[in-house]
Amino acid sequence: MAEAASSENKVSVEHRGGVAIVAIDNPPVNALSFSVRKPLHDALVRLRDDAATAAIVVTCAGRTFIAGADITEFGKPMQDPDLRALIALLETIEKPTVAAIHGTALGGGLELALGCHFRVADKAAKLGLPEVKLGLLPGAGGTVRLPALIGPLMALDMISSGTPIAASEALEAGLVDALATDGLVADAAAFAAVKAAEGGPFSSVRLRRDKIEAVDGEQLEARIKAIVGKAKGLRAPVACTEAVRNAVLLPFDEALAAERTLFVELVASDQSKAQRHLFFAEREAAKVEGVDKSVKPRPIHRVGIIGAGTMGGGIAMAFANGGIPVTLVEAAEDALQRGLERIEKNYAISVSRGSLSEAAKAERMARLSGTTDYASLAECDLIIEAVFEDMVVKKGVLAAIDKVAKPGAIIATNTSYLDVNALAASVSRPQDFAGMHFFSPANIMKLLEIVRGRETAPDVLVTLLSLARTVGKVPVVVGVCHGFVGNRMLTARGADVEALLLEGASPADVDKAFTDFGWPMGPFQMWDLAGLDISWRNRKALGKTALIADWLCEQGRFGQKTGRGFYLYADGRTAQSDPELASHIADEAKRLGIAPRAISAEEIIDRTLYPLINEGSRILEEGIAARESDVDLVWVNGYGFPIGKGGPMFWARQKGLATIVERLAYWHQKTGKDVFHPSEWLKAKASEG
Ligand code: 3HC
Ligand code: NAI
């Protein structure tokens with residue numbers, strides 16, 4: 001007999017003989033909201049006390065097992081029963097309890113399953129504790145029960161990385177007890193019935209100490225040290241290591257209490273708020289103005305790429321890695337061979353580092369076919385040009401693609417700065433045209449700016465959004481302007497840095513202020529790495545100058561690749577300050593009548609980060625980006641803005657927009673530079689409070 005789940009009651013119970021099947025139905029991902037916890041608690045109490053129930057199976061309706069606590073409830077008062085109480089209740093039940101897992105058992109979902117005596121999983125299921133990615137740690141016993149069940153070393157890896165494991169691996173590790181073969185719920189019910197027939201007592205995870213006692217303490221500490229060393233200023237991975245160490249050293253209940261203390265600290269932290277913001281930002285970014293849910297993506301079976309240079313090669317790898325066949329087209333045979341060899345070499349490096357198997361490398365290479373014949377593009381569903389950044393060259397290439405592409409094929413440009421609407425005019429089907437701005441190295445960097453042209457069709461946007469996620473990218477739809485969202489803001493960030501040098505800061509002072517803030521590197525390190533010649537050429541084309549950078553380029557100092565740039569690189573990699581550059585800057589300052597002074601890290605942040613935020617706000621004002629969180633995604637995933645600070649617009653809100661407007665106005669008054677002129681958007685939002 002089944003008691004149906006109503007909209008108020010998201011938990012139903014069905015009795016199959018002596019086995020009670022408790023089903024949670026809370027779409028879309030069965031998060032453990034209060035509306036689930038309460039009826040689940042009540043159902044478990046009833047079944048615990050019901051003499052006719054011999055065993056209990058907990059399962060979920062819809063596409064997945066429980067994906068975790070309800071993240072939207074964080075920061076609000078928790079309504080009882082909380083998840084820990086539910087798990088504690090499960091552990092008091094003397095009948096066998098079995099979690100039947102399909103889809104993903106994540107976070108609090110896996111923790112609830114760890115409160116059961118047994119776990120049966122669908123073969124395609126994945127299990128993990130991803131809380132660290134939200135700036136948290138598992139807060140309902142996961143850091144204590146998982147080490148007990150599968151051993152502290154493997155648990156530490158899972159908890160500190162947040163990466164889920166496949167059901168087969170979970171079976172091997174003892175995290176699940178059986179894989180379903182005939183149908184998950186039927187198999188779990190049969191499993192539960194057998195256990196009930198065998199009779200108790202059934203051991204709960206809290207009683208298992210064998211794997212805790214067997215752990216090699218030195219090995220554990222070495223792993224912890226490595227994780228802490230790579231935490232990059234984030235508190236959550238470090239807290240994860242502390243909790244797993246507690247699970248080894250402390251009695252069970254004390255370790256649980258210590259985990260709770262850490263969870264409470266993290267959930268209230270700015271870092272976790274920032275990371276939760278980014279989680280929802282990624283999902284928001286899928287929602288595009290004027291595109292409703294009924295729009296279906298076009299099928300993409302093969303991608304064509306023109307240009308096997310730095311970007312074309314990287315983009316080809318990104319698709320090959322994501323399982324999509326690629327046709328790579330170059331102008332000449334030798335350039336094609338060079339491009340393919342570079343890809344092969346990149347994969348070989350991954351193999352030598354142990355991050356890729358020989359078999360996977362062979363599989364990926366087999367997805368790539370090279371040609372100099374544009375006619376081969378006729379079989380492609382998406383064709384991306386990644387040739388030189390030159391309007392005339394690109395227009396010629398696009399017209400050639402237009403001649404051979406099949407009807408309905410999407411044509412895209414990887415341009416960094418050129419006008420996407422002007423490029424769209426060189427094909428006969430501008431509705432099928434968009435920008436796909438990948439970031440270098442394109443096989444690694446997660447950001448993809450999808451540039452919506454004036455005529456880009458809604459289903460083209462939906463296709464590119466969905467394809468990007470398939471190959472592991474974070475897509476953001478942006479509008480047409482010079483440099484789109486990311487590069488346009490980057491220009492604003494760098495607009496005042498040469499002035500900082502002339503006024504007395506060294507490149508190392510500026511870069512240190514950046515790395516102390518949490519950026520992976522500062523602007524001078526970045527320019528030296530990218531090559532100063534590229535922006536020099538760009539400046540010359542636009543009739544612009546940069547006093548110090550132009551001087552460096554005139555001396556053939558293009559950065560790391562020439563061993564000299566803003567820094568000296570005696571060994572090709574390690575940056576050293578250059579006295580010659582320092583004295584040149586001092587001479588220039590003298591010539592310009594600028595008296596050198598000490599410049600604080602705070603001033604460096606004021607004059608770089610605030611123009612960046614200001615430009616972001618102009619981009620929002622113009623509708624080039626749809627929402628603040630889109631700008632944050634661009635900067636976190638494309639330019640290394642520290643994750644724990646949530647992106648420039650989130651950070652600005654935390655800091656207080658009024659402060660930012662006030663500082664911008666101060667610098668605008670002092671320098672007269674437009675990058676400091678606070679936007680109307682910023683002023684309006686600041687006055688809203
Ligand atoms: N709480 C609240 N909402 C959630 C959620 C959660 N845990 N997980 C997903 N959602 C929402 C998403 O925001 C999205 O909402 P929208 O449709 O309004 O934008 C919707 O559910 C669907 O999510 P996705 O678009 O991500 O769906 P996918 O099918 O692509 O992915 C998933 C499913 C793999 C489960 C993915 O949603 C995911 O990774 N979720 C988060 C898992 C997680 O971090 N769990 C840990 C939570 S913290 C915790 O459990 C603390 C505990 O230790 C005490
Ligand atoms: P690149 O010079 O490394 O590669 C360009 C390739 O295109 C060369 O291999 C060239 O032989 C090929 N090519 C030129 N004309 C061709 C034609 N008619 N048919 C076929 N192939 C042709 O340049 P890179 O850096 O890869 O840049 C390509 C595009 O990507 C540019 O638009 C650039 O602005 C953009 N981009 C570059 C980024 C970077 O960091 N390098 C980042 C994001 C975008």
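In each ligand, atom 1 is the first atom listed, and ligand 1 is the first ligand listed.
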*asked:* Under 3.5 Å, is there a donor on one side chain and an acceptor on the other for Q271 and Q275?
replied: no
*Which ligand 1 atoms, with their elements, are less than 4.0 angstrom from a heavy-atom of G68?*
50 (O)
*Taking atom types as modelled and ignoring hydrogens, do the side chains of Y639 and N487 form a donor-acceptor contact shorter than 3.5 angstrom?*
yes
*So, is F263 polar-close to ligand 1, with some N/O to N/O distance under 3.5 Å?*
no
_Contact between ligand 2 and F438 is defined here as a heavy atom of the residue under 4.0 Å from a ligand atom; is it met?_
yes
*Please could you name the atoms of ligand 1 that P28 approaches to less than 4.0 Å, counting only its heavy atoms?*
20 (C), 21 (O), 22 (C)
*Indicate whether atom 17 (O) of ligand 1 is within a distance of less than 4.0 angstrom of some protein heavy atom.*
no
*Any non-hydrogen protein atom below 4.0 Å of atom 21 (O) of ligand 1?*
yes
*To which protein heavy atom is atom 19 (N) of ligand 2 closest, and what is the distance rounded to 0.1 Å?*
Y374 OH, 3.0 Å
*Is it true that the side chains of R276 and S272 contain a donor and an acceptor less than 3.5 Å apart?*
yes
*Please verify whether a non-hydrogen atom of G142 lies at under 4.0 Å from ligand 1.*
no
_S33-E73 side chain donor-acceptor pair, cut-off 3.5 Å_ = no
_Option among D253, I87, L114 that satisfies the side-chain contact (heavy atoms from CB on, under 4.5 Å) test with R206_ = D253
*Any idea which protein heavy atom is nearest atom 37 (C) of ligand 2, and the distance to it?*
M311 CG, 3.2 Å
*Looking only at protein heavy atoms, identify the closest one to atom 4 (O) of ligand 2 and say how far it is in Å.*
G309 CA, 3.3 Å
_Location of contacts on T310 toward ligand 2, heavy atoms closer than 4.0 Å_ = both
*Are any of the protein's heavy atoms under 4.0 angstrom from atom 32 (C) of ligand 1, yes or no?*
no
*Would R493 count as a cation-pi partner of W527, with NZ or CZ less than 6.0 Å from the six-membered ring centre and within 45° of the ring normal?*
no
*When you measure from atom 10 (N) of ligand 1 to each heavy atom in V267, V29, I71, which option holds the nearest one?*
V29
*Quick one: does T104 get an N or O within less than 3.5 Å of an N or O on ligand 1?*
no
_For atom 20 (C) of ligand 2, closest protein heavy-atom neighbour_ = A331 N, 3.2 Å
_Quick check on contacts: which atoms of ligand 1 are under 4.0 angstrom from a heavy atom of D70?_
1 (N), 2 (C)
*Of all the atoms in ligand 1, which lie at a distance below 4.0 Å from a heavy atom belonging to P138?*
53 (O)
*asked:* Check for me whether the distance between the ring centres of F484 and H437 falls short of 6.0 Å.
replied: yes
*asked:* Below 4.0 Å, non-hydrogen atoms only: which portion of L32 touches ligand 1? Side chain, backbone, both or neither.
replied: neither
*Can T327 and R302 be counted as having a side-chain donor-acceptor contact under 3.5 angstrom?*
yes
*Give the atoms of ligand 1, by number and element, whose distance to some non-hydrogen atom of F280 is under 4.0 Å.*
13 (O)
*asked:* Only heavy atoms of G107, strictly under 4.0 Å: list the atoms of ligand 1 that pass.
replied: 46 (C), 50 (O)
*Heavy-atom distance under 4.5 Å between the side chains of P138 and T143, does that happen here?*
yes
*Verify the contact flag for atom 9 (O) of ligand 2, where contact means a protein heavy atom under 4.0 Å away.*
yes
*Nearest neighbour of atom 33 (C) of ligand 2 from the list G531, S416, G313, G435, on a heavy-atom basis*: S416
*Say whether R338 and ligand 2 are in contact under the criterion: heavy-atom distance to a ligand atom below 4.0 Å.*
no
*For ligand 1, does E111 get within less than 4.0 Å through its side chain, its backbone, both, or neither, judged by non-hydrogen atoms?*
side chain
*Are E385 and ligand 2 in contact, using a heavy-atom cut-off of under 4.0 Å?*
no
_Do D373 and T371 pair up side chain to side chain, a donor and an acceptor below 3.5 Å, judged on atom types alone?_
no
*asked:* Checking contacts here: is it the side chain or the backbone of P130 that comes within 4.0 Å of ligand 1, counting heavy atoms only? Could be both or neither.
replied: side chain
*For G108, counting its heavy atoms only, list the atoms of ligand 1 lying under 4.0 Å from any of them.*
49 (C), 50 (O), 52 (C)
*Of the backbone atoms (N, CA, C, O) and the side-chain heavy atoms from C-beta on, which set of K287 has a member under 4.0 Å from an atom of ligand 1: side chain, backbone, both, or neither?*
side chain
*Any N or O of A67 that comes nearer than 3.5 Å to an N or O of ligand 1?*
yes
*Using a heavy-atom cut-off of under 4.0 Å, does the side chain or the backbone of V397 touch ligand 2, or both, or neither?*
side chain
*Part of K133 within contact of ligand 1 (heavy atoms, under 4.0 Å)*: neither
*Counting heavy atoms only, name the option from R469, R283, E282 that's nearest to atom 12 (C) of ligand 1.*
R283
*Please report which non-hydrogen protein atom sits nearest to atom 2 (O) of ligand 2, along with the residue it belongs to and the distance in Å to one decimal place.*
F388 CE2, 3.4 Å
*For atom 22 (C) of ligand 2, find the nearest protein heavy atom and state the residue, atom name and distance (0.1 Å precision).*
V387 CG1, 3.4 Å
*Taking only Lys NZ, Arg NE, NH1 and NH2, and the carboxylate oxygens of Asp or Glu, determine whether D80 and R37 approach each other closer than 4.0 Å.*
no
*Identify, for atom 6 (C) of ligand 2, the protein heavy atom at the shortest distance, and state residue, atom and that distance.*
E330 OE2, 3.7 Å
*How far is atom 30 (O) of ligand 2 from its nearest protein heavy atom, and which residue and atom name does that atom have?*
N414 ND2, 2.9 Å
*Number the atoms of ligand 2 from 1 as they appear, then name those within less than 4.0 Å of a heavy atom of I306, with their elements.*
19 (N), 20 (C)
*Ion pair present between E385 and K395, side-chain N to carboxylate O less than 4.0 angstrom?*
no
*Going by an N to O cut-off under 4.0 Å, is there a salt bridge joining R235 and E265?*
yes
*Run the salt-bridge test on E341 and R338 with the 4.0 Å N-O cut-off and return the result as yes or no.*
no
